[in-house]
Amino acid sequence: MIDIQLKDTTLDTQECVDFVASDSAGGTTVFIGTVRNKTKDKTVVRLEFEAYPPMAVAEMKKIAEQAKEKWNAEKICIHHRTGILDIGEIPVIIAVATPHRKAAFEACQYCIDTLKETVPIWKKEIFEDGEVWVAAHP
Amino acid sequence: MIDIQLKDTTLDTQECVDFVASDSAGGTTVFIGTVRNKTKDKTVVRLEFEAYPPMAVAEMKKIAEQAKEKWNAEKICIHHRTGILDIGEIPVIIAVATPHRKAAFEACQYCIDTLKETVPIWKKEIFEDGEVWVAAHP
Amino acid sequence: MKIEILAFGIAKDIIKNRTLSLDIPAGSNVGFLKNELTSRFPDFGKLKSLAIAVNEEYQADDFNLSEKDEVVIIPPVSGG
Amino acid sequence: MKIEILAFGIAKDIIKNRTLSLDIPAGSNVGFLKNELTSRFPDFGKLKSLAIAVNEEYQADDFNLSEKDEVVIIPPVSGG
C-alpha cells in the first residue's frame, strides 16, 4: 500500500507512521525534512515550495512503487508540503515499513534521494536581503 | 542532546521526533521497531523483553554519544520497552537529527545495529506451543 | 503549430509569466523546443539543467510534440 | 572469596534462579568465572556467546574480580 500526498497544510509524522504500521513489518524507517535556519551560513527567513501538482504526485508514486518492488516494502507513505514554510516546519515526510530493518533504511533513503532528483517541486529560499531558487544554477 | 529511556509503558514516536527537532538540523531519521506476527513462518503470540536496567541505559547512552560524535548529530533519542509486548507494539524507537540527511540515515542505522549487539536486553518469543530466547543459540 | 507551455519555479521568473504560447513547426521535437526557449530567453542556458515534461512525463530531446500536448518547462528541481 | 552473580534472560533459566553465590579463589578473573559457570552448568557452553559484566561494564577474560563487584552473566543480547 502506498499513500502519496501533496498539500499546503502541516504534515503529520504520526499520520505517516500510522499509515505504514503493519503486523508483518519488523522495521519502519522515517525521514523527516526540516526547514533549516541557515544555508551556508546565510540566515534563512522562510522557504516557499512550488509544485507541478499532477506530475509531482505521479513521480512520487513512481518512486514509492520502485522502492516497494526493490526492497519488498509493505507500505510506503510520502507526504510533501507546498506553500510558505517557516523555520522548523516540515517540507517532507517519508515512511517505509519492511519485513527487515536494513531494507527499511535503504528504501527510505532511496525515496528521499530520488525525490530530490526527479519530483517537479521547487524550493525558494528567502533571506533577509533577497531570495533564490535552490539548486537552479551550477 | 541525548534522551535515553528504558520503560515498561507504550513508546511514543511523536515524543521522540519532538525531542530531536531542531532549527539547525535539516534531516531527522527515525527507526521504529515493531513486534512481528511471524518468525520464520512460525506465528508469534507476543514478546517479552527483559533488561539489565542500569547497564542497558549506560550502553544506549554510549551508542548515542558515539553516533553524535561520529556523524555530528545534533540530538539523539533512544527509547526501549521492557515487559510484555503484543503484536504490532513498539519495542524500540531511535530518532536522530543531523544537519544533513545522509548522516542521519547512517547514524540511525548505526544506533539500531549496535543496540542489537551490545545493549543488555533480552527478547523472548512466545509461540502457541512454546517459547524461546531469541538468538541465544548458534 | 501553436503550443501552450507552462512554467514553474525559476522558469516562471525567466519568461516573466506562468504560461507561454509558441508557434513552432508541426512535428517539432523536445530538443527543438529547448533550443527555441534558450534562444528567446538566454537565462535558460545558465541553469544547471533544463527538462521538458509532456503530458506529465519527462521526455527526451527526440520526442515529437503535438498541438494538444501539455508541455511544461522543468528547471532543476529542489523538493524535499 | 564469595561473589554474588546476577543472571538475565536464558542465563536465569540455565541456573534456574535470578542470582547465584559462588566461592572462587581470591583474585580470580572473568575467564576463570566463565569456566566455572560452564562446568557447573554445561548449557552455558551451548550459547552463541557468554559475556560477563562487572559493575555495569563488559569485561574481558583477564579482568580480575573482587568480592564487592556487581557481577552479571550476559547471554547473547537480543534487544531492539
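We name chains A, B, ... by the order of the sequence lines, and we start the count at 1 in each one.
Classified by interplanar angle (parallel below 30°, tilted 30° to 60°, perpendicular above 60°), the ring pair A:Phe105/B:Phe31 is parallel.
Only the backbone of A:Ala25 comes within less than 4.5 Å of a heavy atom in chain B; its side chain stays farther off.
Shown here are the side chain to side chain contact (heavy atoms under 4.5 Å, CB included) partners of B:Val35, two or more places apart in sequence or in another chain: B:Leu47, B:Leu85, B:Ile87, B:Pro91.
Each of B:Gly33, B:Ala95, B:Cys108, B:Gly88 has some count of heavy-atom pairs under 4.5 Å with chain A, and the biggest count is that of B:Cys108.
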Under 3.5 Å, which donor-acceptor pairs link chain A and chain B? Put them in a table for me, please.
| residue | atom | partner | partner atom | Å |
| --- | --- | --- | --- | --- |
| A:Asp23 | O | B:Asn37 | N | 2.8 |
| A:Ser24 | O | B:Arg36 | NE | 3.3 |
| A:Gly26 | O | B:Thr34 | N | 3.2 |
| A:Thr28 | N | B:Ile32 | O | 2.9 |
| A:Thr28 | O | B:Ile32 | N | 2.8 |
| A:Val30 | N | B:Val30 | O | 2.8 |
| A:Val30 | O | B:Val30 | N | 2.8 |
| A:Ile32 | N | B:Thr28 | O | 2.8 |
| A:Ile32 | O | B:Thr28 | N | 2.9 |
| A:Thr34 | N | B:Gly26 | O | 3.2 |
| A:Arg36 | NE | B:Ser24 | O | 3.3 |
| A:Asn37 | N | B:Asp23 | O | 2.8 |
| A:Arg101 | NE | B:Asp113 | OD1 | 3.1 |
| A:Arg101 | NH2 | B:Asp113 | OD1 | 2.8 |
| A:Asp113 | OD1 | B:Arg101 | NE | 3.0 |
| A:Asp113 | OD1 | B:Arg101 | NH2 | 2.8 |

